[in-house]
Amino acid sequence: MAHIFNNIPFMDEMMAYWYNFAIMFEAVFILTAIDAGTRGRGRFFLQEMLGGVIPRFSDKDWMPGVIIASLLFTASWGYLVYTGNVSSIWPLFGISNQLLAACGLIVCTTMLIRLNRGRYALCSAIPGVFMAVITFWACYLQVKDIYLPHGQYLLAGLAMLAMVLMLIVFIGAFRKWYRLLGMPADKTDSYGETVKEVVG
């Protein structure tokens, strides 16, 4: 990143600045992502899943539940870091990040079709499908060429799990598109706009 920025005209004497900028950006981004993934999402999801078995875990303010879920999720991150390294874990993070972006575009397309804005739907559908296909292919290559040959079965399993879960989301979205495209826009939502389907 520093070398790329350093090749910009009139920036060729700022290599030290660009190098520090790249390190700070990467460190802040990684730490923020891990913190948000562990504390903000992972712990809440784990508590919700455990709440299906032990109802007390559903209470997000119940301190024993918060501590147990935090310890389990943090230990999982620690295990991944201990058994792997940044070069093996980082691609998995990238895969999940890109699949999440593709999922956002696919969901946006569904919303546009539902709101009878089909003429704009291709603006999000094309990049969403393209990103999904490219990321699935990259994930397949990562599992086949790197994780499995090096015996990193946990990372291979997590990558495949991410692909399967996202594939379920995408298939559900595509089926919804097909159903919505065949529906007439004959309903009125709470804003007084004509839509194909009213939600909530």
Side-chain angles (χ1 to χ4, degrees), residues 26-111 114 124 128-129 131-144 146-148 150-177 179 197-200:
E26 187 176 357
V28 169
F29 178 69
I30 291 171
L31 292 175
T32 303
I34 291 174
D35 174 62
T38 302
R39 181 176 51 82
R41 291 168 187 81
R43 178 175 68 82
F44 289 147
F45 288 153
L46 185 58
Q47 278 190 260
E48 283 183 19
M49 287 189 293
L50 292 173
V53 180
I54 305 168
R56 196 80 169 101
F57 273 95
S58 297
D59 180 7
K60 301 297 185 292
D61 294 325
W62 185 51
M63 197 51 68
V66 170
I67 292 170
I68 292 169
S70 297
L71 285 174
L72 287 172
F73 222 83
T74 305
S76 300
W77 266 114
Y79 180 77
L80 280 177
V81 172
Y82 181 74
T83 57
N85 54 45
V86 173
S87 62
S88 63
I89 295 170
W90 185 252
L92 183 61
F93 176 77
I95 287 166
S96 59
N97 195 35
Q98 294 306 308
L99 285 176
L100 189 61
C103 185
L105 289 166
I106 297 297
V107 170
C108 177
T109 303
T110 307
M111 184 191 70
R114 184 184 66 78
S124 56
V129 171
M131 186 179 292
V133 170
I134 295 299
T135 308
F136 274 117
W137 180 248
C139 189
Y140 166 74
L141 293 177
Q142 182 75 14
V143 170
K144 181 178 76 76
I146 297 174
Y147 288 154
L148 292 179
H150 291 93
Q152 296 172 323
Y153 301 113
L154 176 63
L155 294 175
L158 290 172
M160 289 187 287
L161 178 65
M163 282 198 294
V164 168
L165 293 175
M166 280 300 177
L167 190 60
I168 292 169
V169 171
F170 293 150
I171 290 172
F174 298 151
R175 290 176 63 192
K176 185 77 169 178
W177 293 0
R179 191 172 68 77
E197 188 177 59
V198 177
V199 176

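Hydrogens, waters and symmetry mates are skipped; everything else that's a heavy atom, side chains included, is used.
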Query raised in the report: Looking only at heavy atoms, which two atoms of A173 and I106 are closest? And how far apart?
Result: CB-CG2, 3.3 Å
Query raised in the report: Sequence neighbours excluded, which residues qualify as side chain to side chain contact (heavy atoms under 4.5 Å, CB included) partners of L148?
Result: V143, Y153, A156
Query raised in the report: Of all residues at least two apart in sequence or in a different chain, which pass the side chain to side chain contact (heavy atoms under 4.5 Å, CB included) check with L167?
Result: F136, I171
Requested in this report: Determine the minimum heavy-atom distance between M131 and Q98, stating which atoms define it.
Outcome: SD-O, 3.5 Å
Requested in this report: State the CG-CD1 distance between L72 and I67, to the nearest 0.5 angstrom.
Outcome: 12.0 Å
Query - Sequence neighbours excluded, every pair satisfying side chain to side chain donor-acceptor pair (under 3.5 Å) that has a member inside residues 154-176 - result: K176-E197
Query raised in the report: Which residues pass the side-chain hydrogen bond (donor to acceptor under 3.5 Å, both in side chains) test with S124, sequence neighbours left out?
Result: T109
Query raised in the report: What pair of heavy atoms forms the shortest contact from V169 to C103, and how long is it?
Result: CG1-SG, 3.7 Å
Validation: residues 46-53 side-chain donor-acceptor distances under 3.5 Å, sequence neighbours left out:
{"unit_1": "Q47", "atom_1": "OE1", "unit_2": "R43", "atom_2": "NH1", "d": "2.7"}
{"unit_1": "Q47", "atom_1": "NE2", "unit_2": "F57", "atom_2": "O", "d": "3.2"}

Report task. With C139 as reference, evaluate M160, M166, M163 under the side-chain contact (heavy atoms from CB on, under 4.5 Å) test and give the passing residue. Result -> M163
Query raised in the report: Got a second to check how far Y147's OH is from L158's CG, nearest 0.5 Å?
Result: 8.5 Å
**Report entry** Approximate separation, where rounding is to 0.5 Å, of I134 CD1 and L99 CG
**Finding:** 12.0 Å
Query - Pairs touching residues 62-76 that satisfy salt bridge (Lys or Arg N to Asp or Glu O under 4.0 Å), sequence neighbours left out - result: none
Report task. Report the C-alpha distance between V129 and F170 in whole Å, list the side-chain angles of each, state the deciding distance to 0.1 Å, and finish with yes or no for side chain to side chain contact (heavy atoms under 4.5 Å, CB included). Result -> CA-CA 9 Å; V129 171; F170 293 150; over 6 Å; no
